[in-house]
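Just so you know, these numbers use all the heavy atoms, side chains as well, and skip hydrogens, waters and symmetry mates. Below, chain A is the first sequence line, B the second, and so on; all start at residue 1. All figures in this text were calculated on a predicted structure; none of them were measured in a lab.
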Amino acid sequence: MNKYKLIFIGTSSFGLPAFTALASDPDFEIILTITQPDLPAGRRQIITASPIKLKAEEKGIAVLQPQFISDIREKILSQNPDLIVVAAYGQLIPEDILNIPQFGCLNLHASLLPKYRGSAVIQAAILNGDRQTGITVMKLDKGLDTGPILAQSPLNIAEDDTAETLRAKLAAASADFLANAIKRYLTGEISPAPQDSSLASFAKTLTKSDGLVDWTKPADYLEKFIRAMWPWPAAWTWWNGKQVKIISAQNQPLEISSYKPGKTFKYNSGLAVQCGQNALIIKKLQLEGKTALDSQEFLRGQKDFMGSVLG
RNA sequence: CGCGGGGUAGAGCAGUUGGCAGCUCGCCAGGCCCAUAACCUGGAGGUCGGGGGUUCAAAUCCCCCCCCCGCAA
């Protein structure tokens, strides 16, 4: 098997395991990495390079960071890649670039397409209470996550999975899976199969306000909501004019409905919050400006919290 | 220099018109009880993030630095 020349396009840490696996695979040579420009990030607005860029530099792979990927179309063309691999880049790639490599462009996606096209797909799977999700390797076309599927790998969602833990599991699972799928595709062992668009669903991009807890919702929904929103935007609510993040709650709701939604009360020496239907025990939370605390420790310092109404 | 909150006992917090450093929990010892994460008594544990300054006196006022966190990206 010849050594295939790849261009890797990606930004976030989700693609890092896959990128690392490809970069150290003797069957591939990554001739170029394309990632988003370094942007101000974090509390001090420090200009920060993407995880993919850092890894590429460590591996001695060339990196380009165009404002718009179409700006470097000629450059990509001149590299004459056999294949382009995309993982969590953060920008739609125009069709005239998709068509450059003879084998096209492959994408790593964090759901079992056609379910959950879009961006917040891991969160959507948890929020909907799915037992299983997975990763998809697909061929990109001009649509958003609409291209034909090459390979999929299912993964069970654990009772206590948050978007953070599930994302890490999916990223880890994708490392070897993507490399193998590419090889089987290049050798003709597998070929792209069209998605059944009638089964498609879309997971829209989340914003901070999507994390605001609606306490009139049922407790079992909110329990999933809390796990789905973690670590960003995080499930949060209002208390005394301040934001409070609800980090984790007990996944077994209490069958109590005697209070107003959002009302906090003591239950078996734990902190409970009334929901629209049943109630939840809050295990860990964080007041803005403070560190994340176990509910017992939190209550020790915030004497007025118990008995107040959140939201 | 993006905006803002905060660093006080093992944990969480109170304590600024400057004046012997507190509370809740935990911990140790003892007691009560059939028993207990309950209750009672006693106890250990802090250079108040670090450095400098003002002062008779600084957790508290002024200057510099370090660290944590919310917003924003």
Side-chain donor-acceptor contacts of residues 73-86 of chain A below 3.5 Å, not counting sequence neighbours, with atom names and distances?
unit_1: A:Arg73; atom_1: NE; unit_2: A:Asp96; atom_2: OD2; d: 3.1
unit_1: A:Ser78; atom_1: OG; unit_2: A:Lys75; atom_2: O; d: 2.7
unit_1: A:Asp82; atom_1: OD2; unit_2: A:Lys5; atom_2: N; d: 2.8

Pairs under 3.5 angstrom only: tabulate donor-acceptor contacts from the side chains of residues 302-311 of chain A to other protein residues two or more places apart or in another chain.
unit_1: A:Lys303; atom_1: NZ; unit_2: A:Arg300; atom_2: O; d: 3.0
unit_1: A:Ser308; atom_1: OG; unit_2: A:Trp239; atom_2: NE1; d: 3.1
unit_1: A:Ser308; atom_1: OG; unit_2: A:Phe305; atom_2: O; d: 2.6

Tell me which donor-acceptor pairs under 3.5 Å the side chains of residues 30-43 of chain A have, and how far apart each pair is, sequence neighbours excluded?
unit_1: A:Thr35; atom_1: OG1; unit_2: A:Gly10; atom_2: O; d: 2.8
unit_1: A:Thr35; atom_1: OG1; unit_2: A:Ser50; atom_2: OG; d: 2.7
unit_1: A:Gln36; atom_1: OE1; unit_2: A:Gln91; atom_2: NE2; d: 3.2
unit_1: A:Gln36; atom_1: NE2; unit_2: A:Tyr89; atom_2: O; d: 3.2
unit_1: A:Gln36; atom_1: NE2; unit_2: A:Gly90; atom_2: O; d: 3.3
unit_1: A:Asp38; atom_1: OD1; unit_2: A:Lys53; atom_2: NZ; d: 3.4
unit_1: A:Asp38; atom_1: OD1; unit_2: A:Gln65; atom_2: NE2; d: 2.6
unit_1: A:Asp38; atom_1: OD2; unit_2: A:Lys53; atom_2: NZ; d: 2.8

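- Hydrophobic side-chain contacts under 4.5 Å tie A:Ile47 to no other Ile, Leu, Val, Met, Phe, Trp or Tyr residue.
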Between the protein and nucleotides 36-38 of chain B, which nitrogen or oxygen pairs are less than 3.5 angstrom apart?
none

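- To the nearest angstrom, C1' of B:rG12 lies 14 Å from CZ of A:Phe305.
- Residues satisfying the side chain to side chain contact (heavy atoms under 4.5 Å, CB included) criterion with A:Ser295, sequence neighbours excluded, are A:Leu271, A:Leu285.
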Show the distances under 3.5 angstrom between N or O atoms of the protein and N or O atoms of nucleotides 24-28 of chain B.
unit_1: B:rC25; atom_1: O2'; unit_2: A:Arg300; atom_2: NH2; d: 3.2

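- Contacts classified as salt bridge (charged side-chain N to carboxylate O under 4.0 Å, His left out) and involving residues 134-146 of chain A (residues at least two apart or in different chains) are not found.
- Applying the salt bridge (charged side-chain N to carboxylate O under 4.0 Å, His left out) rule to pairs touching residues 196-207 of chain A yields A:Lys204-A:Asp210, sequence neighbours excluded.
- Both A:Lys242 and A:Leu293 lie near RNA chain B, and the one whose nearest nucleotide falls closer to the 5' end is A:Lys242.
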Inset, instruction - Using a 4.0 Å cut-off on protein heavy atoms (strictly under), produce a 5'-to-3' string for nucleotides 68-73 of chain B with B for base contact, S for backbone-only sugar-phosphate contact, and - for none. - result: SBBBBB
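- Contacts of A:Tyr259 classified as ring-ring contact (aromatic ring centres under 6.0 Å, His included), with partners at least two apart in sequence or in another chain: A:Phe265.
- The salt bridge (charged side-chain N to carboxylate O under 4.0 Å, His left out) analysis of residues 243-267 of chain A, with sequence neighbours excluded, yields no pairs.
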